[in-house]
Participant: 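Quick one: structure below, then a few questions.
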Amino acid sequence: MYDFKKIEKKWQDFWKATQPFKAINNSKKPKFYSLIEFPYPSSQGLHVGHPRSYVALDIISRKRRMQDYNVLFPIGWDAFGLPTENYAIKNNVHPKEITEKSIAKFKNQLQSLGLSFDWSREINTTDPKYFKWTQWIFSRLFENGLAAKEETLINWCTSCKCVLANEEVISGQCERCSGEVIQKQKSQWVLKITKYAQRLIDDLDSLDYPERVKQQQKNWIGKSEGALIKFKISSGQELEIFTTRPETICGISYMVIAPENKILDEISQHITNLEKINKYKQEAAKKNDFQRSQMVKEKTGVEIKGVLAINPFNGKEIPIFTADYVLANYGTGAIMAVPAHDERDWEFAVKYNLPKPMVICPEDSQNIELTKAFTGNGKLINSGFLNGLTIEEAKKKVIEFLILNKAGKSQVNFKLRDWIFARQRYWGEPIPIINCKECGFVLEENLPLLLPEVQNFQPLENGESPISNCSNWVNTKCPKCGREAQRETDTMPQWAGSSWYFLRYLDPNNNDSLADEEALKYWLPVDWYNGGMEHTTLHLLYSRFWHKFLYDIHVVPCSEPYAKRTCHGMILGESNEKMSKSRGNVVNPDDIIQEFGADVMRVYEMFIGDFENAASWNTKSISGCKRFIEKFFNLNNILAKQENIRNEFLILINKAIKKVSEDIENLKFNTAIATLMDLLGQIKATNLITREELKIFIILLNPFAPHVTEEIWQKSGFKKTVAEQSWPYYNEELINSEKNEIVVQINGKIKTKIMADPDIDKSELINLAKNNKLILKELNNKEIIKEICIPKKIINFVVK
RNA sequence: GCGGAUGUGGCGAAAUUGGCACACGCGCCAGGUUUAGGUCCUGGUGGGAAACCAUGCAGGUUCGAAUCCUGUCAUCCGCACCA
């Protein structure tokens, strides 16, 4: 009788007592650092999606230990954040209390899965001993000019009453609560991730990340090369624009300034239709980014009367418009419009009846009439001395001209914007900055800077953090001059603590530095980091940025944190939809463990489908894995006294070792399990298993189903535990010595199969095939035109 | 619109990377054990009477294509007026 409850409890208690999965900091063994994204402990508890990633790296970690690596597989809690705070407000309790409860629940659930975490290194981002170092890193960023308070356009979630990073805005809505997001001018703490944009792109090349992750990060950073060009305005000011097409400078039809661009105020006294312009500005401010993009087809704008721009290349006067299809926070917030060679400008020019002069002509057709913007390759026309040049040549010439005339230069721009690093909420790390009227922003010296106790966690109506009501916390003395000063009341965003957590695992109790130098040297970089695709442009990018900064200030020994990244697919509900409370299709892992046990649950999650693709949950299908584990459990009943592997199983078992070993490395857990199911079936059919056969089978299955394998190991009288065994080797020669089944085709159609030795030579093999009865008959009276022979695989006779 | 991915039995999916399409599992069918079965065991299970036909669709390359190329359709994910 397979009493999984008893067995699993027994082994979990054993692991708790003996701590066999503890990583050693000063070991001579080769190290292996495997990392999962540490969970956000929500009050709902674990989701069946969580274990997919955890079990996968648990399997890899367990295998590595058996391969004699010193393995670090740690766990912790990313516990600051909005959901907890919202829950706290709703239920009128302290977020700290909820966090503690949620962590206890998560911990319980994770332990019931038999994951081989090193629990002695558990960390918690809300622990002052931890966030002391989050604040410390912020201080270093500040000292190095990478953290600064800036007046910028920010995304404001009207429901969370909180600033959001660009990465947190999904289709104009808040990532967390789906509330409406509007644009607002606000003075904000930002981290200058854009200074690292180029390096964040370049260093991707050296990393073992999935191609789609690299692509997504590159696209998000969005590098584009072009030119910055200054246009004199008739009123005396200058209008600076960014373009990737400087060679089209003679095709300019008009200029556009984004409605939020401050230059509009600077030239306002020269504008003759100011009222109309201001009205347009107001309307544009009402629209959020999402609404703007919804109106892609409906371009709007107003001509700014009374001012003209002057083309620095040919001195021509150009009308200026303001239109919200130009974004204020990309480039310079203004463009030169070349309708003939830009689709958006074309649309606008058509709508407002503006000229569309053509300056690039496709090489094969001349004097064509444009019916839409031409963005292809060609030669320059109507462009003075640029005429006849290719686009590339003209680009160079124009930039040379601009530099010579001090009217511009080449320029690289990134879509990536600086990381808005402040939230007007309570449950986060306080930003350790004191604002002194005399000295400006000064760093707090006594870290950690703790959160003040407040009565009410609700954000204030004026959009400030509830902390700002705590006057005895806010008001302090300037550490520099000793005068009255105020503390910053914003807290850090959720992404702060997770940007460096993998460093703290190396030395979680260190009070003098974020981690010991030797430990950093030994363990870094993370060897294998698995996580979700959804963090590609958030956490993964942010933590690469922080790590590079820490490398630059000589805190960490390498410039990239994660050597290898893999991504798991989501687990969907039975009807192929995301699991969610509102759909009512959430599967609770506790129920599954209760009914089937952790081992079956683990095996099922790994068997469910390709690890990297989404898979839909199907509780019925678990029974296949349940049968498999039960059959394995019962192997004990047919265990023979005989020691060695039987001859007829030698090759099969060697092949299985190879397949399971390789599949685990390639995240093909589903086929590894299929291999084991197959092997089990074949052995069982003989109604007998030898001790060595069982031994190998147990070791291969152990990473997937650690409890039941330890149990059978012990029951069978093997020494020590499975976890202490060495991962088995396979004999490649033996595998290759197996007779091959060779398919014989005629004109590509399968006729028969023959068995042949693996080292038989080609002509012999062909003769063997030709002399096969069936083939002899088929070839009768036919002329062989071609003989194709692929050793070990196939023979094909092409006949007439 | 741009970027990425996927498309194979009733279902989840395999296919040594150009060489036996559908391994393994679910479900289903038949038989057996059982007082009973949401248990266990055994066998069967793409279509077609067959030659043959089948990997979203249409072409192409090849002795040979799920796999490579061209076009096309569908679904999913990410970004979205980025000049």
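Below, read A as the first sequence line, B as the second, and so on, with proteins coming before strands; counting in each chain starts at 1.
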Participant: Donor-acceptor check, side chain of R52(A) to backbone of H568(A), threshold 3.5 angstrom: yes or no?
Facilitator: no

Participant: Does Y325(A) make a side-chain N or O approach to OP1 or OP2 of rA83(B) shorter than 4.0 Å?
Facilitator: no

Participant: Between the protein and nucleotides 21-26 of chain B, list the N/O to N/O atom pairs that are separated by less than 3.5 angstrom.
Facilitator:
unit_1: rC26(B); atom_1: OP1; unit_2: R627(A); atom_2: NH1; d: 2.3
unit_1: rC26(B); atom_1: O2'; unit_2: S621(A); atom_2: OG; d: 3.4

Participant: E343(A) CD to rC2(B) C1': how many Å, rounded?
Facilitator: 11 Å

Participant: Under 30°, 30 to 60°, or over 60°: which ring-plane class applies to F633(A) and Y2(A), parallel, tilted or perpendicular?
Facilitator: tilted

Participant: Which residues satisfy the side chain to side chain donor-acceptor pair (under 3.5 Å) test with K751(A), sequence neighbours excluded?
Facilitator: none

Participant: Tell me, what's RNA chain B's dot-bracket, Watson-Crick or G-U with both distances under 3.5 Å, | for other-strand, [ ] crossing?
Facilitator: (((((((..(((......[....)))((((((.......))))))((....))..(((((..]....))))))))))))....

Participant: For nucleotides 50-53 of chain B, which of its nitrogen or oxygen atoms have a protein nitrogen or oxygen under 3.5 Å away, and what is each distance?
Facilitator:
none

Participant: Sequence neighbours excluded and cut-off under 3.5 Å, please list the side-chain donor-acceptor pairs for residues 784-792 of chain A, or say none.
Facilitator:
unit_1: E787(A); atom_1: OE2; unit_2: K770(A); atom_2: NZ; d: 2.7

Participant: Under a 4.0 Å N-O cut-off, is there an ion pair linking K655(A) with E662(A)?
Facilitator: no

Participant: Identify each donor-acceptor pair in which a side-chain atom of residues 245-255 of chain A lies under 3.5 Å from a protein atom, sequence neighbours left out, and give them as a table.
Facilitator:
unit_1: R245(A); atom_1: NE; unit_2: E247(A); atom_2: OE2; d: 2.7
unit_1: R245(A); atom_1: NH2; unit_2: E247(A); atom_2: OE2; d: 3.4
unit_1: T248(A); atom_1: OG1; unit_2: R245(A); atom_2: O; d: 2.7
unit_1: S253(A); atom_1: OG; unit_2: P355(A); atom_2: O; d: 2.8
unit_1: Y254(A); atom_1: OH; unit_2: Y325(A); atom_2: OH; d: 3.1
unit_1: Y254(A); atom_1: OH; unit_2: D345(A); atom_2: O; d: 3.2

Participant: Do V600(A) and F4(A) have side chains that get closer than 4.5 Å, going by heavy atoms?
Facilitator: no

Participant: Does a side-chain N-to-carboxylate-O contact under 4.0 Å join K668(A) and D610(A)?
Facilitator: yes

Participant: So do the side chains of L354(A) and F321(A) get within less than 4.5 Å of each other, counting heavy atoms only?
Facilitator: yes

Participant: Output yes when at least one side-chain N/O atom of S224(A) is less than 4.0 Å from OP1 or OP2 of rA83(B), else no.
Facilitator: yes

Participant: Please report the distance, rounded to the nearest Å, between CZ in R245(A) and C1' in rC81(B).
Facilitator: 16 Å

